[in-house]
Amino acid sequence: MDLARSQRLEALPPYVYVEIHRRVAEARQAGRDVIDMGKGDPDLPTPPHVVEALLEAAQDPVNHRYPHGLARGLPEFRSAISAWYRRRFETSVDPETEVLPLMGSKEGNLHFCMGVLNPGDLALIPDPAFPAYEAAAILSGAEVRKVPLLAENGFLIDFDSIPRSLAVRARAIWISYPNNPTAAVASLEFYAQAVEFAHRTGTILVSDNPYADITFGGVAAPSVLSVEGAKDVAVELNSLSKSYNMTGWRSGMAVGNPEVVGMIRSMKLNTDAGLFGAVQRASIVALETPEHVLRAKMEVYRRRRDRVVAALRRTGLAVTPPPGTFYVWAPLPSGVSSMDFFTRLLDETAVVAIPGIGYGRYGEGFVRFSLTIPDARLDEAMQRIESAGDSLLPGHPPRDG
Ligand SMILES: *Cc1c(COP(=O)(O)O)cnc(C)c1O
């Protein structure tokens, strides 16, 4: 029997987190009280009205059978998504042809690649980025080229800097704002540039938008689909995971260009038969969550963000408060590698943050703290960091306030 992994799996880049997990497990084994600010997984529970909707729907035998509509999704969920896009983004999308329920954005990302890309097609992927984009593109046999996200551009893609030879050959390009890991938020003008690039070069634009509702200080993150002509070239992957504390539920959506949505649907038809009906019913209720519930949650992240920013600044890191997401992307002094800082932080304080190199080589020189741990633990972590003082960044004097 041949138990070799497929070439497809072998082609995946080494998973950087393996080394991080190993080091964290070692620290735990040594009896240390590790505080993990690495994972982007909300600690707060799903709102009770959503859980109740699930319980009720789980008792309806209709939902014990294959989901109505199979991969296409429940018509009521598709309508709810369309209504949410109208309310939230003032954008109209046809629930019949331009909306597709997903088991989370990650699922849509893989099925997009498998349904749209051919082996050898060129995929342009930002660096740093959520590792799932590159993984999915590689699994589909595409060739991956990285597009740097630079601090001096506010971590937005500079479309004019993409070499023409790549731009004309690209089949798809990924964007994602509010951004994981850099916490940058994009304006509608940026999305207009992205749509213009896609039109000009004949490239499919994939916008991953799971943090649209996690922003601070009155900033409202737009959707690429609000740009005129976007539906000719763009598909948006969205998710209930982050906005509604539902990472475990696996619920999301693909919205946009009907041909692309159809290709993702064809992949789903041949792999899964759609989301559990009760999850779709509960997702409808989630999308109707009152504004004040979302605002209260944002207030929790804002407080945590400010606590982390203050502590890191006292340690000597030039951090500015991020406008969105539940991450703090902290720049390290020049000459300090992100892996060294990760190691020092773990050794000195037993706090875990992800070294930027884990998101690509342009992530080097940064470290990502996630705000998704309980307040008391977050405060404990920041106290440890403040007490560690100089030992975290030897030779780099602390900054004011
Ligand atoms: C968390 C996250 C997702 C969400 O994925 P789901 O599969 O919907 O849970 C997608 N993209 C990015 C960038 C994320 O950080």
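Numbering starts at 1 and runs along the sequence shown. Note that ligands are numbered from 1 as they come in the structure, with each ligand's atoms numbered from 1 the same way.
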Atom CD of Glu228: over 12 foreign heavy atoms under 6.0 Å: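 It does not: Glu228 CD has 12 such atoms or fewer within range.
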Checklist entry - If you count the non-hydrogen atoms of other residues, nucleotides and ligands that lie under 6.0 Å from CD in Glu56, is the total more than 12? => result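 No, the 6.0 Å shell around CD holds no more than 12 heavy atoms from other groups.
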Please round to the nearest 0.5 Å and tell me the distance separating atom CE of Met263 and atom SG of Cys113.
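It is 12.5 Å, given to the nearest 0.5 Å.
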Report, one line per pair, each donor and acceptor closer than 3.5 Å where one atom sits in a side chain of residues 118-131; sequence neighbours left out.
| from | atom 1 | to | atom 2 | distance (Å) |
| --- | --- | --- | --- | --- |
| Asp121 | OD2 | Asn118 | N | 2.8 |
| Asp121 | OD2 | Arg171 | NH1 | 3.2 |
| Asp127 | OD1 | Arg361 | N | 3.3 |
| Asp127 | OD1 | Tyr362 | N | 3.1 |
| Asp127 | OD2 | Arg361 | N | 3.3 |

Check your understanding: Just by distance, with hydrogens left out, do Asp340 and Thr343 show a side-chain donor and acceptor under 3.5 Å apart?
Key ->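 On atom types as modelled, these side chains do not qualify, holding no pair under 3.5 Å.
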Check your understanding: Parallel under 30°, tilted from 30 to 60°, perpendicular over 60°: which one fits the rings of Phe366 and Trp329?
Key ->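 The rings of Phe366 and Trp329 lie parallel, inter-plane angle below 30°.
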Could you check ligand 1 for N or O atoms lying under 3.5 Å from protein N or O atoms and list the pairs with distances?
| from | atom 1 | to | atom 2 | distance (Å) |
| --- | --- | --- | --- | --- |
| ligand 1 | 7 (O) | Ser105 | N | 3.2 |
| ligand 1 | 7 (O) | Lys106 | N | 3.0 |
| ligand 1 | 7 (O) | Arg250 | NH2 | 2.6 |
| ligand 1 | 8 (O) | Ser105 | N | 2.7 |
| ligand 1 | 8 (O) | Ser239 | OG | 2.6 |
| ligand 1 | 8 (O) | Ser241 | OG | 3.4 |
| ligand 1 | 9 (O) | Ser241 | OG | 2.6 |
| ligand 1 | 9 (O) | Arg250 | NH1 | 2.9 |
| ligand 1 | 9 (O) | Arg250 | NH2 | 3.4 |
| ligand 1 | 11 (N) | Asp208 | OD2 | 2.6 |
| ligand 1 | 15 (O) | Asn180 | ND2 | 2.8 |
| ligand 1 | 15 (O) | Tyr211 | OH | 2.6 |
| ligand 1 | 15 (O) | Lys242 | NZ | 3.2 |

